[in-house]
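Reviewing the structure listed below.
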Amino acid sequence: MVSLETPSKDFIRQIIDEDNRTGKYDGRVHTRFPPEPNGFLHIGHAKSICLNFGIAEEYGGKCNLRFDDTNPLKEEDVYVKSMIEDIKWLGFAWEDRLYFGSDYFDQMYDYAVQLTKDGKAYVDEMSAEEIREYRGSVTRPGKESRYRDRPVEESLDLFERMRAGEFADGQMVLRAKIDMSHPNMNMRDPVIYRILHASHHNTGDKWCVYPMYDWAHGLEDSIERITHSICTLEFEDHRPLYDWFLEQLGVYRPIQIEFARLNLTYTVMSKRKLLELVEDGHVNGWDDPRLPTISGMRRRGYSPSAIRTFCSRIGVAKVHSIVDFEFLEHCLRDNLNKTSPRFMGVLNPLRVVLENYPEDKVEEFEAINNPEDESAGTRNVPFSRVLYIERDDFMEDPPKKFYRLAPGREVRFRYAYLVTCKEAVKENGEVVELRCTIDPETRGGNAPDGRKVKSTLHWVSEPHALDAKVHLYDRLFTVPDPLGQKEADFKDLINPDSLKVLTSCKVEPAVRNLKALDRFQFERLGYFCVDPDTTEEDLVLNRTVELRDPWAKIRKQQRKE
RNA sequence: AGCCCCGUGGUGUAGAGGUAGCAUCAGAGACUCUGGAUCUCUUGGCGCCGGUUCAAAUCCGGCCGGGGCUACCA
């Protein structure tokens with residue numbers, strides 16, 4: 001019986017529940033993630049990875065990592081390596097189940113021979129153009145090839161010689177014999193083997209005939225005894241063929257289930273478009289932090305956990321959809337808030353001199369590393385007469401709702417003192433320095449008389465400050481759907497401010513202890529991570545995402561008014 | 001034009017004949033040594049028409065709308 005309190009499940013998990021209930025696969029759940037190693041993994045793949053590995057985990061089943069490498073012209077080992085790194089980083093394990101479609105080339109070939117023997121496949125010598133012509137169109141039935149009814153023995157002989165390398169690329173192909181007038185184009189005698197005199201990243205020069213996707217994929221699933229073969233919507237029309245092949249061969253049959261791929265606003269997800277951005281130099285490589293690639297997101301400072309949470313919370317369905325970028329950022333902040341140590345850093349420094357603070361005095365204040373995690377402990381931050389604060393934290397002529405520093409106003413310097421601004425020193429009309437005083441009674445940040453201040457600012461002590469270069473990243477495109485614009489090429493819609501480089505940032509000394517890719521928060525600014533390009537001399541930081549910032553919104557509105 | 005898939009707040013999803021829920025976004029407020037976090041509240045939705053039924057987001061029919069399919073790619 002079905003439990004009364006069935007938690008909400010997506011349609012795929014509902015199918016699996018039903019299959020488990022009826023014992024279709026004896027209660028086994030075995031999935032696979034089958035990328036073609038011809039590019040880099042992106043957040044869209046992460047959805048599929050989380051789905052396949054996630055389902056296996058939930059049902060106490062297994063998930064294979066299988067590289068679908070049936071086209072030697074496009075596939076390379078470097079992609080295999082990067083994909084393995086990315087999937088591991090996301091936190092999934094396939095134990096000893098790392099497979100390649102090419103592992104099964106012998107079996108696939110044998111099955112093709114069997115199909116031919118059964119009179120259900122034939123060698124066609126028509127050219128690619130002719131085959132295309134004969135296929136007909138979506139509204140017009142196709143025509144049968146003149147080679148379609150050649151004797152089985154002849155096809156067998158030709159196929160054997162195709163494999164032996166007697167023929168040139170494109171000279172002939174092996175085709176399934178199905179139905180040239182089938183309303184589903186995929187069933188109009190699909191090609192299952194083609195000649196390709198190309199070296200394969202795994203099998204080298206052993207083969208010069210390679211199986212097509214439709215032939216290979218179902219067999220790979222069948223050989224691995226996959227139960228639920230989960231793929232994206234564009235393979236829906238291929239399912240009848242998937243089933244047909246396995247049925248004709250009389251072999252084990254998984255079921256194919258299709259779901260909608262992930263789309264995100266303000267970015268592009270197709271491998272081809274990403275490649276274009278990389279090759280044309282619009283971004284700096286596949287791991288550019290502006291890209292939705294796993295490697296780019298890793299370098300940007302995304303956590304595996306945030307990505308996994310996102311993938312599970314967006315759900316799975318068959319409707320085409322575009323998820324708001326803001327939702328990804330929400331999942332990111334939610335995770336980073338709980339896990340990131342805090343530091344103070346000033347992006348656009350403004351010098352502050354505390355006139356009543358002794359010249360050579362240095363104090364240390366204890367700062368909380370993570371208010372969300374007591375076990376993160378505390379650290380000491382040095383304080384002295386000359387400090388830097390954020391330029392944005394001071395206004396000579398503050399508008400309504402600006403709570404920060406202004407002439408005559410008192411604010412708190414985090415963990416330190418209440419500070420009052422006495423004067424703004426200007427050069428050529430620009431504020432270059434603030435002269436301020438502290439209230440010595442407020443050491444630690446609280447006034448004995450109980451008076452309150454409206455805001456707390458972060459600061460960095462000038463003599464102790466570390467210099468840093470900071471990359472500020474913003475969305476890659478200026479519009480939510482860069483590919484949906486009729487009149488414009490998506491590359492013309494790239495946000496010119498997607499990357500800003502700040503070179504004179506000042507950060508507290510404790511940041512020195514961080515390693516490449518370490519994630520942290522600069523209080524009041526956002527989440528950052530250490531860029532791998534960081535050296536002993538040059539500290540390079542990447543801004544992952546800003547903190548939610550109500551003041552920025554107010555400011556924006558005020559400017560409009 | 002043929003075949004296949006899909007229509008629930010702005011966005012992403014739940015619902016399986018009986019009070020349309022959750023999340024995000026947006027707006028308002030409380031709290032705060034991060035204008036962060038947290039907490040409270042508010043706006044907003046079943047594509048359309050008909051049928052079945054005491055009762056339809058749900059079942060049936062028609063329409064409208066969106067997407068996919070004509071590689072020796074995957």
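The figures that follow rest on heavy atoms only: side chains count, while hydrogens, waters and symmetry mates do not. First the proteins, then the strands, lettered A, B, ... as listed; each starts at 1.
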Rounded distance in Å between the [atom1] positions of [N] and [M]:
N	M	atom1	result
B:A1	B:C64	P	10 Å
B:G66	B:C31	C1'	46 Å
B:G36	B:U24	P	16 Å
B:A23	B:G9	C1'	12 Å
B:A20	B:U8	C1'	8 Å
B:C48	B:U53	P	23 Å
B:A56	B:G15	C1'	13 Å

Tell me which nucleotide among [options] gets nearest to the side chain of [X].
X	options	result
A:Arg135	B:U11, B:U70, B:G35	B:U70
A:Arg414	B:C69, B:C6, B:U34	B:U34
A:Thr456	B:C73, B:A23, B:U34	B:U34
A:Phe402	B:U70, B:G35, B:U13	B:G35
A:Asn71	B:C73, B:C25, B:U13	B:C73
A:Gln14	B:G35, B:A74, B:A16	B:A16
A:Arg313	B:G12, B:U24, B:U70	B:U24
A:Leu547	B:G35, B:G12, B:U34	B:U34
A:Tyr403	B:U13, B:C5, B:G35	B:G35
A:Arg404	B:G35, B:G7, B:G12	B:G35

If only side-chain N and O atoms of [X] are considered, is one of them under 4.0 Å from the OP1 or OP2 phosphate oxygen of [N]?
X	N	answer
A:Lys318	B:G7	no
A:Arg194	B:C73	yes
A:Arg140	B:A1	no
A:His330	B:U24	yes

Hey, is A:Phe327 stacking on B:A23? Ring centres under 5.5 Å, planes under 30°.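 Not stacked: fails the 5.5 Å / 30° test.
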Identify which one of A:Asp68, A:Thr70, A:Thr203, A:Asp69 satisfies the side chain to side chain donor-acceptor pair (under 3.5 Å) criterion when paired with A:Ser102.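 Per the side chain to side chain donor-acceptor pair (under 3.5 Å) rule, the option paired with A:Ser102 is A:Asp69, out of A:Asp68, A:Thr70, A:Thr203, A:Asp69.
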Centroid-centroid distance, A:Phe522 to A:Phe528, less than 6.0 Å: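 Close enough - the centres of the two rings lie under 6.0 Å apart.
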Do the two ring centres, one from A:Phe383 and one from A:Tyr417, sit under 6.0 Å apart?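 Yes, they do, as the ring centres are separated by less than 6.0 Å.
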Does B:A71 fall in syn (glycosidic angle within 90° of 0) or anti?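 The base of B:A71 is oriented syn (glycosidic angle within 90° of 0).
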Please classify the nucleic acid contact of [X] as base, sugar-phosphate, or nothing, using heavy-atom distances under 4.0 Å.
X	result
A:Thr70	sugar-phosphate
A:Ile131	base
A:Lys401	base
A:Ser455	nothing
A:Tyr210	nothing
A:Met187	nothing
A:His238	base

Between side-chain atoms of residues 452-461 of chain A and protein atoms elsewhere (two or more places apart, or another chain), which donor-acceptor pairs fall under 3.5 Å?
residue: A:Ser455; atom: OG; partner: A:Tyr403; partner atom: O; Å: 3.2
residue: A:Thr456; atom: OG1; partner: A:Arg412; partner atom: NE; Å: 3.2
residue: A:Thr456; atom: OG1; partner: A:Arg412; partner atom: NH2; Å: 3.4
residue: A:His458; atom: ND1; partner: A:Arg524; partner atom: NE; Å: 3.3
residue: A:His458; atom: ND1; partner: A:Arg524; partner atom: NH2; Å: 3.4
residue: A:His458; atom: NE2; partner: A:Gly345; partner atom: O; Å: 3.2
residue: A:His458; atom: NE2; partner: A:Glu390; partner atom: OE1; Å: 2.8
residue: A:Trp459; atom: NE1; partner: A:Arg414; partner atom: O; Å: 2.8
residue: A:Ser461; atom: OG; partner: A:Ser384; partner atom: OG; Å: 2.8
residue: A:Ser461; atom: OG; partner: A:His464; partner atom: ND1; Å: 2.7

Should we count CZ of A:Arg261 as having more than 12 external heavy atoms under 6.0 Å?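 Open: at most 12 neighbouring heavy atoms sit under 6.0 Å from CZ of A:Arg261.
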When the nearest nucleotide of RNA chain B is assigned to A:Trp551 and to A:Val173 on a heavy-atom basis, which residue is associated with the more 5' position?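 This one resolves to A:Trp551.
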Take A:Asn184 and A:Met212, find for each the nucleotide of RNA chain B with the closest heavy atom, and name the residue whose nucleotide sits nearer the 5' end.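 The residue mapped nearer the 5' terminus is A:Asn184.
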Less than 6.0 angstrom from the centroid, inside 45 degrees of the normal: does A:Arg475 satisfy that with respect to the ring of A:Tyr266?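 Yes, cation above the ring, under 6.0 Å and within 45°.
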Does A:Arg543 count as lying over the ring of A:Tyr527, i.e. NZ or CZ under 6.0 Å from the six-ring centre, within 45 degrees of the axis?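 A:Arg543 over A:Tyr527 ring: no.
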Atom CG of A:Asp237 and atom C1' of B:G2: how far apart are they, to the nearest Å?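 Going from CG in A:Asp237 over to C1' in B:G2 covers 12 Å.
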What is the distance, to the nearest angstrom, from the NE2 atom on A:His217 to the P atom on B:A71?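 Computing the A:His217:NE2 to B:A71:P distance gives 21 Å.
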With 3.5 Å as the limit, what N/O pairs link the protein to nucleotides 37-39 of chain B?
residue: B:A37; atom: O2'; partner: A:Asn337; partner atom: ND2; Å: 3.3
residue: B:A37; atom: O2'; partner: A:Glu372; partner atom: OE2; Å: 3.1

When the side chains of residues 34-46 of chain A are checked against the rest of the protein, which donor-acceptor pairs come out under 3.5 Å, sequence neighbours left out?
residue: A:Glu36; atom: OE1; partner: A:Asn38; partner atom: ND2; Å: 2.9
residue: A:Asn38; atom: OD1; partner: A:Lys271; partner atom: NZ; Å: 2.4
residue: A:His42; atom: ND1; partner: A:Gly44; partner atom: N; Å: 2.9
residue: A:His42; atom: ND1; partner: A:His45; partner atom: N; Å: 3.4
residue: A:His42; atom: NE2; partner: A:Met269; partner atom: O; Å: 2.9
residue: A:His45; atom: ND1; partner: A:His42; partner atom: N; Å: 2.9

Any A:Arg391 side-chain heavy atom under 4.5 Å of A:Pro349 side chain: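 A:Arg391 does not reach A:Pro349 side chain to side chain.
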Give none if B:G2 has no partner; otherwise give the nucleotide forming a Watson-Crick or G-U wobble pair with it, both distances under 3.5 Å.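 Across any shown strand, B:G2 pairs with B:C69.
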Are A:Arg555 and A:Asp549 ion-paired here, with the side-chain N under 4.0 Å from a carboxylate O?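 No.
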